[in-house]
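Presented below is the structure to which this report refers.
Residue numbering restarts at 1 for every chain, and letters A, B, ... go by the order of the sequence lines.
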2 protein chains.
Amino acid sequence: MAARPTMKDVAKTAGVSLMTVSRVVAGEAGVAPQTAARVEEAIRALGYQRNDIARNLRRKAQDSRTIGLVVDDLANPFFSALARSVEDEAYRRGFLVLVGSTNDDPRRERDVVSAFSARQVDGLVLVPTGGNRAFFRAQMARGVKVVCVDRPATGLDVDCIAVDNRAGTATAIRHLLNHGHTRIAYLGDRQEIWTQHERFVGYTEAMTAAGLEVDSLLIRHGLRGHREAAAAVADMMAGPNPPTAFFSGNDLVTLGAVEAGASRRFALVGFDDFVLADKLDPPISVVSQDPAALGRTAAQLLFGRIDGDDAAPRSVVLATRFIDRGSGGMAVPPAGGVG
Amino acid sequence: MAARPTMKDVAKTAGVSLMTVSRVVAGEAGVAPQTAARVEEAIRALGYQRNDIARNLRRKAQDSRTIGLVVDDLANPFFSALARSVEDEAYRRGFLVLVGSTNDDPRRERDVVSAFSARQVDGLVLVPTGGNRAFFRAQMARGVKVVCVDRPATGLDVDCIAVDNRAGTATAIRHLLNHGHTRIAYLGDRQEIWTQHERFVGYTEAMTAAGLEVDSLLIRHGLRGHREAAAAVADMMAGPNPPTAFFSGNDLVTLGAVEAGASRRFALVGFDDFVLADKLDPPISVVSQDPAALGRTAAQLLFGRIDGDDAAPRSVVLATRFIDRGSGGMAVPPAGGVG
DNA sequence: ATCACGGATGGTAACGTTAACCAGCTGAAC
DNA sequence: GTTCAGCTGGTTAACGTTACCATCCGTGAT
């Protein structure tokens with residue numbers, strides 16, 4: 001409860017001026033060793049710690065050594081892995097990280113980013129919701145550097161790190177086609193989420209390229225979480241002429257499909273790798289991406305910007321990796337099709 | 001790049017004094033509606049946003065509306081679920097959250113907490129490494145409120161939220177005993193981690209209570225991550241007189257055991273529930289705890305402290321839940337023991 | 001003895017905001 | 001017409017730090 005000691009207190013105790021204390025604390029040259037020792041001693045005695053709020057205010061020209069990290073949901077393994085690698089990069093550079101989850105809600109995104117910006121963050125690693133275009137433009141005009149991860153910010157001229165969602169999905173679909181599947185269902189989260197849209201386009205393109213029509217009865221968007229996904233699968237399987245294979249647009253949806261299809265009734269390939277995918281029966285084939293690499297790259301790009309890199313916005317596309325574990329070959333229909 | 005507008009700029013544009021702007025921005029009464037409107041207009045025109053760094057400096061008596069969250073590893077699903085619920089509570093109250101991972105390294109913990117404290121956080125939700133006792137005492141003397149989660153801070157008089165690790169473990173061990181197992185191996189992370197120690201004690205007590213000797217060949221501490229755990233299992237199973245059952249001290253170790261025992265060669269019960277545990281073959285029985293509840297409770301307690309609650313430190317113990325999925329009944333030895 | 005110089009230290013003003021007063025103005029009551 | 005209350009708005013001084021400049025002292029050259 002005792003008021004925190006300030007440089008003034010330290011100065012009084014050490015019998016020197018405020019400025020000398022400031023110099024010692026900042027590790028600047030130009031202080032005699034004995035004087036410095038006396039100051040250090042006073043600092044220890046009082047338990048003094050610099051107030052970085054005051055410091056940041058005074059030297060506002062410099063950066064505040066704080067960044068903001070805004071993701072969809074911190075509890076999601078994909079985003080938490082990403083967050084950890086952003087935090088590691090920040091720690092290496094002596095930066096602090098403010099975090100916020102948006103829940104894919106533009107209003108909460110706005111709240112969070114606004115609060116971060118009021119705290120004078122130097123930059124943001126952002127998984128954008130898709131809203132708040134004008135708002136972000138205003139933030140960037142104020143000097144806040146922004147780097148998008150996982151999804152680009154539509155209509156915003158910023159750096160972006162993401163994977164090639166279309167190509168990754170197309171590979172997965174071709175894998176299913178090669179196993180003889182033609183009735184391949186698509187399960188995805190809300191189409192407004194850029195990654196989901198891209199993956200759906202990849203699905204459509206791969207199907208069309210194979211000369212197949214996309215059956216709208218086999219398409220489900222807007223699946224939030226595994227429960228809804230499981231229900232969608234059960235629903236489709238109960239209908240007439242069910243699919244023989246499913247493509248799932250993210251890890252949670254894949255989980256739902258696994259729950260619904262524990263009895264090997266259909267083939268399944270999902271986007272995003274997940275823990276124990278290889279230990280299931282059958283092991284699940286996936287399109288895998290590396291969230292830690294995404295986070296690391298994003299952070300590095302952001303710190304480059306903070307250090308003054310003002311080249312044109314970059315767009316980094318990382319590759320996905322298809323991991324064939326066998327689940328694409330289940331329940332292959334007899335040759336000849338359904339005619 | 002343009003310098004951020006300040007209240008001064010807004011005042012000039014609106015043709016009022018600085019104080020009037022401050023009052024409008026803070027939403028204080030005592031400003032005529034028309035004047036306020038003029039100020040609002042200027043704010044919009046300039047894109048003004050309050051500088052909370054300056055604000056916090058001036059009103060240091062009040063709190064800075066920022067808390068720090070320090071966990072072992074943000075990428076670990078357990079901690080990320082906890083983090084998300086802490087963040088939700090903070091968001092509801094208009095607080096910001098700084099995060100840091102310690103990697104169970106007291107030095108990094110110290111770095112991170114020190115930086116948070118220099119930023120004048122009002123409180124900390126902390127998963128303590130076990131080191132830095134004196135350091136934390138100093139921080140708390142400065143007025144930083146601390147609440148520990150998952151593990152108590154030994155020798156520190158602070159609030160703590162954790163589960164009953166001994167009782168949870170004992171339940172698991174008794175479950176295995178009831179299935180006829182007597183050679184039950186213990187696999188855990190570093191014993192210096194409080195939870196691991198507690199779980200080991202629970203194991204020992206349950207074994208002794210059943211009149212069984214604890215065979216040191218069946219004990220492995222210090223397993224960091226699933227890979228080491230899998231190797232430990234393989235090693236034990238290859239030895240003479242292998243165990244018929246394993247208890248694993250955390251989720252990652254359980255994962256390793258699953259990897260090593262995919263072929264149902266032994267019984268297994270683990271601490272911490274995990275995604276897909278029920279979809280494995282066999283489904284894995286676990287002692288489950290609720291990380292979101294831990295985080296929520298910790299945050300609520302912390303905000304209570306920040307709001308002035310200065311009652312004696314509380315210790316909240318949440319119950320664990322044993323989920324029997326069948327993996328405890330595998331490979332039951334023939335009655336009569338090993339003689 | 002004087003001067004220039006460099007290293008050490010101190011004084012002062014700012015950073016952007018708010019707390020605590022204080023000064024006008026209006027209008028109503030006497 | 002004076003007074004006082006009530007409201008609006010302004011002035012000043014902080015918060016804890018650092019940028020900038022001034023001062024002081026000892027040394028060596030002239």
Side-chain angles (χ1 to χ4, degrees), chain A residues 2-40 42-43 46-66 115 117-121 142-143, chain B residues 2-40 42-43 46-65 115 117-122 142-143:
Chain A
R4 296 187 178 213
T6 71
M7 281 192 178
K8 220 157 140 184
D9 302 318
V10 176
K12 201 176 302 176
T13 307
V16 298
S17 87
L18 191 62
M19 268 317 295
T20 302
V21 177
S22 173
R23 277 190 270 257
V24 171
V25 171
E28 277 177 31
V31 178
Q34 305 137 349
T35 316
R38 215 146 27 101
V39 172
E40 306 268 23
I43 289 175
L46 296 177
Y48 168 79
Q49 186 183 32
R50 179 171 62 199
N51 182 335
D52 277 354
I53 294 275
R55 174 168 221 248
N56 284 338
L57 177 61
R58 186 56 181 85
R59 31 192 320 255
K60 78 181 167 75
Q62 336 274 341
D63 39 52
S64 68
R65 305 194 79 72
T66 308
S117 163
R119 287 297 204 302
Q120 316 295 109
V121 295
R142 281 193 195 105
Chain B
R4 296 187 177 212
T6 71
M7 282 193 176
K8 219 157 140 185
D9 302 319
V10 176
K12 202 177 300 177
T13 306
V16 297
S17 86
L18 191 61
M19 264 321 289
T20 304
V21 178
S22 172
R23 277 190 270 257
V24 172
V25 171
E28 277 177 31
V31 179
Q34 304 140 347
T35 316
R38 220 152 16 108
V39 172
E40 305 267 23
I43 287 175
L46 296 177
Y48 169 78
Q49 187 181 31
R50 180 172 59 199
N51 182 335
D52 278 354
I53 294 275
R55 174 169 220 248
N56 284 339
L57 177 60
R58 186 56 181 83
R59 28 191 324 251
K60 80 183 167 77
Q62 336 273 341
D63 41 52
S64 68
R65 306 193 79 73
S117 163
R119 287 296 205 302
Q120 316 296 108
V121 294
D122 299 322
R142 283 193 194 105

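The phosphate of dG10(C) (OP1 or OP2) has a side-chain N or O of Thr20(A) nearer than 4.0 angstrom.
Of the residues in residues 6-17 of chain A, those with a non-hydrogen atom less than 4.0 angstrom from any atom of DNA chain D are Thr6(A), Met7(A).
Using a 4.0 Å heavy-atom distance criterion, Val31(A) is classed as a sugar-phosphate-only contact.
Rounded to an integer number of Å, the gap from Leu18(B) CG to dA19(C) C1' is 13 Å. What separates CD of Gln34(A) from C1' of dT9(C) is a distance of 14 Å, to the nearest Å. The distance between atom CE of Met19(B) and atom C1' of dT18(C), rounded to the nearest whole Å, is 6 Å. Taking atom CZ on Arg59(B) and atom C1' on dA20(C), their separation rounds to 15 Å, with Å as the unit.
The salt bridge (Lys or Arg N to Asp or Glu O under 4.0 Å) check on Arg55(B) picks up nothing, with sequence neighbours excluded. Under the salt bridge (Lys or Arg N to Asp or Glu O under 4.0 Å) criterion, Asp52(B) pairs with Arg119(A), Arg50(B), not counting sequence neighbours. Partners of Gln120(B) by side-chain contact (heavy atoms from CB on, under 4.5 Å), not counting sequence neighbours, listed by chain and number: Arg4(A), Asn51(A), Ile53(A). Remark: Ala42(B) engages Val10(B), Thr13(B), Ala14(B) in a side-chain contact (heavy atoms from CB on, under 4.5 Å) (not counting sequence neighbours). By the side-chain hydrogen bond (donor to acceptor under 3.5 Å, both in side chains) test, Arg38(B) is found to be paired with no residue, residues two or more places apart in sequence or in another chain being considered. Residues passing the side-chain contact (heavy atoms from CB on, under 4.5 Å) test with Lys8(A) are Thr6(A), Leu18(A), sequence neighbours excluded.
Two end axes, each from the C1' atoms of five base pairs, can be drawn for the helix from dA1(C)-dT30(D) to dC30(C)-dG1(D); they diverge by 70°, to 10 degrees.
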List, one per line, each side-chain donor-acceptor pair under 3.5 Å for residues 22-37 of chain B, sequence neighbours excluded.
none

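Atom-to-atom distance recorded for Arg142(B):CZ and Ser117(B):OG is 5.5 Å, nearest 0.5 angstrom. Between the NZ atom in Lys12(B) and the OG atom in Ser17(B) there is a gap of 13.5 Å [rounded to 0.5 Å].
With DNA chain D read from its 5' end, the first of the two nearest nucleotides for Ala29(B) and Leu57(B) is the one closest to Ala29(B). Toward the 5' end of DNA chain C, the nearer of the two residues Arg23(B) and Tyr48(B), judged by each one's closest nucleotide, is Tyr48(B).
Screening Val39(A), Asp9(A), Ile43(A) for a side chain to side chain contact (heavy atoms under 4.5 Å, CB included) with Tyr48(A), the sole residue that qualifies is Ile43(A).
Taking every nucleotide of DNA chain D with any atom under 4.0 Å from a non-hydrogen atom of chain A, the first and last of them, 5' to 3', are dG16(D) to dC20(D).
For the pair Val16(A) and Val21(A), the tightest heavy-atom approach, listed with the atom from each and the gap, is CG2-CG2, 3.9 Å.
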